[in-house]
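Everything below concerns the one structure shown next.
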Amino acid sequence: MSRPPRHPGSSFPSSPGHSSPGRPPREREERPAARPGDRRPPRDIDTRPQAERPAAPERRGRDHRGERPYAESPQAIARRARNAAAEADAPRPGRDASMAAPSGSLWLYGMHAVSAALANPKRRVRRLLATTDAEETLAERLPRPWRVQAERVEKSRFQTFLTEDAVHQGIALLADPLPPADLEDAIAASAGPVLLLDQVTDPRNVGAILRSAAAFGAAAVVMQDRNAPPETAALARTASGALETVPVVREVNLSRTIQVLQKQGYWVMGLAGEAERTLAQACPRDRRVALVLGAEDTGLRRLQRETCDELVRLPILPAMESLNVSAAATVALYELTREAGPDEN
């Protein structure tokens, strides 16, 4: 192995910048003195208020959380558009026109809603679709024979005629809407309280109220013909079978209905947050009662307020202005039946 040559008098190989006895020392090159014009001027500090300062340059891309609080670059926008177009072109289960509900009928879905509709003789049923597991579950809840024969289908079939957010549990029933109930027949068949809904338009709220009405033995739920939701699959699904057991009465004029109940001996109370007495303080125990609930945004209308025998409130803390109308109905029904109990009604 060869070694690098050594200079005389040195024990290390020569390298640039090192002096050795055989070479004269290198003179250090002197840099020219910096001129005043070559120095970078000091950074000026902006003393203006933040509102008067110019806007910072717009950042692009994503932040550390993956969000897009800033404008994206043109390349990122084009890439996202291509991905969205590719996703839109991907094959999806199409809508089956042959499965659309005929005029005057609707698809009910969910195990509770379907089994209750099949057990209700007032409900006209047309077609029953179910998966293998759903058909077995239905047979456990409602023994055969059924009024319509079940058609065995795959679970993916329901996506072709139900909405994307439908929780169908593998079963759907094509049926006609229930005929409106008669108020006099309803109050003659049950001694429970009567609920009147003043322009409650959300079908899920109405469905939840029907479920509470069935749990606490209400005689009927009264709604208007116009400013109230029609019978829908979402309403029936939320009611969880109560649509088939609680009479739903539809009236043209709600204030006249209140007067009819008053002539029948009912004490009609309207639920309002500004009332002086609570429901527990005002509820009579020697006569039948009816309760009027208004919409969440507007509450009871003027004519209904004036027609009621008394306005009452629920004792809630001041930190919360009001309750959801379905939650208020549940609390009120519990209070109305607390002493007598729903079994006695």
Side-chain angles (χ1 to χ4, degrees), residues 110-113 115-123 141-142 178-198 200 203-223 228-229 231 235-251 254 257-258 260-271 278-294 308-310 312-315 323-345:
M111 188 60 63
H112 288 87
S115 60
L118 284 173
N120 185 8
K122 297 181 180 179
R123 173 78 73 173
R141 296 177 58 91
L142 184 66
L178 286 170
D182 183 75
L183 180 60
E184 293 185 359
D185 294 341
I187 61 178
S190 172
V194 175
L195 289 183
L196 298 95
L197 307 183
D198 185 17
V200 178
R204 289 179 172 81
N205 276 337
V206 175
I209 291 172
L210 284 171
R211 187 172 183 176
S212 299
F216 293 102
V221 173
V222 183
M223 297 185 294
E231 182 180 329
L235 189 153
R237 177 70 174 82
T238 310
S240 190
L243 182 62
E244 313 295 332
T245 59
V246 178
V248 177
V249 181
R250 294 185 180 270
E251 299 286 349
L254 208 60
T257 306
I258 294 175
V260 170
L261 291 173
Q262 289 170 338
K263 292 179 180 179
Q264 295 289 337
Y266 279 81
W267 182 256
V268 183
M269 298 174 289
L271 205 59
T278 65
L279 177 60
Q281 295 171 343
C283 181
R285 300 300 177 183
D286 57 345
R287 59 194 302 185
R288 302 180 70 175
V289 296
L291 186 66
V292 188
L293 297 97
C308 289
D309 294 309
E310 186 177 2
V312 297
R313 60 180 175 85
L314 295 177
L323 291 175
N324 175 275
V325 63
S326 60
T330 303
V331 176
L333 282 170
Y334 169 77
E335 180 59 38
L336 292 177
T337 59
R338 182 166 55 91
E339 292 187 3
D343 295 337
E344 299 182 17
N345 292 330

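Quick caveat, the model's predicted, so the values are computed rather than measured. The chain is numbered in sequence order, starting from 1. Every heavy atom of this structure was used, including side-chain atoms; hydrogens, water molecules and symmetry mates were not.
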Over 12 foreign heavy atoms within 6.0 Å of CZ, R123: yes

Residue pair L279, L336: steps toward the side chain to side chain contact (heavy atoms under 4.5 Å, CB included) verdict: CA-CA 8 Å; L279 177 60; L336 292 177; 4.0 Å; yes

Any side-chain heavy-atom pair of V248 and E231 under 4.5 Å: no

I258 and V292, any side-chain heavy atoms less than 4.5 Å apart: yes

D182 vs V249 side-chain heavy atoms within contact, under 4.5 Å: no

Nearest atoms (heavy-atom pairs only) where G192 meets R288: O-NH2, 3.7 Å

Any donor-acceptor N/O pair, T330 side chain to S326 backbone, under 3.5 Å: yes

D309 (side chain) donor-acceptor with M269 (main chain) under 3.5 angstrom: no

Check: T245 side chain, A242 main-chain N or O, donor-acceptor pair, under 3.5 Å: yes

Spacing of CG belonging to L196 relative to CG belonging to L254, to within rounding of 0.5 Å: 5.0 Å

Min side-chain heavy-atom separation L243-N120 under 4.5 Å: no

R204, CZ: over 12 other non-hydrogen atoms inside 6.0 angstrom: no

Donor-acceptor under 3.5 Å (S190 side chain, I187 main chain): no

Which atom of W267 lies closest to which atom of A282, heavy atoms considered: NE1-O, 4.1 Å

Could you pull out every donor-acceptor pair under 3.5 Å between side chains of residues 213-223 and any protein atom, sequence neighbours left out?
none

Verdict with reasoning, L235 to L210, per side chain to side chain contact (heavy atoms under 4.5 Å, CB included): CA-CA 9 Å; L235 189 153; L210 284 171; 3.8 Å; yes

Sub-4.5 Å side-chain heavy-atom contact between T337 and P193: yes

Note, E244 side chain near K122 side chain (heavy atom, < 4.5 Å): no

Smallest separation among heavy atoms of L271 and A328, with atom names: CD2-CB, 4.0 Å

Contact summary for A329 and I209, nearest pair of heavy atoms: CB-CG1, 4.0 Å

With Q281 via side-chain contact (heavy atoms from CB on, under 4.5 Å) - residues at least two apart: R277, T278

L261 side chain near L183 side chain, heavy-atom distance below 4.5 Å: yes

